[in-house]
Amino acid sequence: GEANFLIDSPETVAQSVQTRLLLFTGEWFLNVLEGTPWQTKVLGKGTKAIYDTAIQQRVLETEGVVSIDEYSSVLDDVARHLTVEMKITTTYGVTQVIATLGDVVL
């Protein structure tokens with residue numbers, strides 16, 4: 001029913017942030033310029049110094065995000081996962097976002 005939809009809430013913006021983070025640049029056929037630059041600025045050797053900036057920029061470009069209040073990223077070399085956790089202020093309030101990308105090589 002209509003009660004299943006998130007609207008006008010911090011969780012709505014958090015869901016949008018997660019969706020945007022998990023979209024690779026070039027993956028969406030309607031706009032190949034849209035997406036997180038995983039292949040050019042996040043994945044691969046030698047990107048550790050720049051991937052946090054690329055991820056934060058993507059989050060700040062999300063509609064409804066006012067600011068990133070806290071940010072951390074943890075790379076698990078053994079499991080090959082990058083986990084990003086942040087507290088963001090949205091136009092509707094404060095919320096937390098956790099996103100994990102698997103098969104990462106940094």
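Worth knowing before you read on, the calculation uses all heavy atoms, side chains too, and leaves out hydrogens, waters and symmetry mates. In this text the structure is predicted, and so the values were computed from the model without any measurement.
When every heavy atom of Pro10 is checked against every heavy atom of Thr90, the shortest pair comes out as CA-OG1, 3.7 Å. Nearest heavy atom pair, residue Gln18 against residue Val97, reads CG-CG1, 3.7 Å. Between Gly64 and Val13, the closest heavy-atom pair is C-CG1, 3.9 Å. Considering every non-hydrogen atom in both Leu22 and Thr100, the closest pair reads CD2-O, 4.0 Å. When all heavy atoms are compared, the tightest approach of Leu75 to Tyr51 is CB-OH, 4.3 Å.
In this structure, Met86 CE and Ser67 OG are separated by 12.0 Å, a value rounded to the nearest 0.5 Å. In this structure, CD1 in Ile98 is found 5.0 Å from CD in Gln96, a value given to the nearest 0.5 Å.
The backbone N or O of Thr36 sits less than 3.5 Å from a side-chain atom of Thr25, completing a donor-acceptor pair.
Neither side chain, Thr19 nor Ser16, offers a donor N or O lying under 3.5 Å from an acceptor on the other. In summary, the side chains of Glu11 and Gln15 do not present any donor paired with an acceptor at a separation below 3.5 Å, with no hydrogens or angles considered.
Residues Trp38 and Ile55 meet the side-chain proximity criterion, which asks for heavy atoms closer than 4.5 Å. Using a 4.5 Å heavy-atom cutoff, the side chains of Tyr92 and Thr12 are not in contact.
Hydrophobic clustering places Leu60 together with Val84 (ILVMFWY residues linked when any side-chain heavy atoms are closer than 4.5 Å, directly or through intermediates). No chain of hydrophobic side-chain contacts below 4.5 Å, direct or via other Ile, Leu, Val, Met, Phe, Trp or Tyr residues, connects Ile88 to Leu23.
Residues that satisfy the salt bridge (charged side-chain N to carboxylate O under 4.0 Å, His left out) test with Glu34, not counting sequence neighbours, are Arg20, Arg58.
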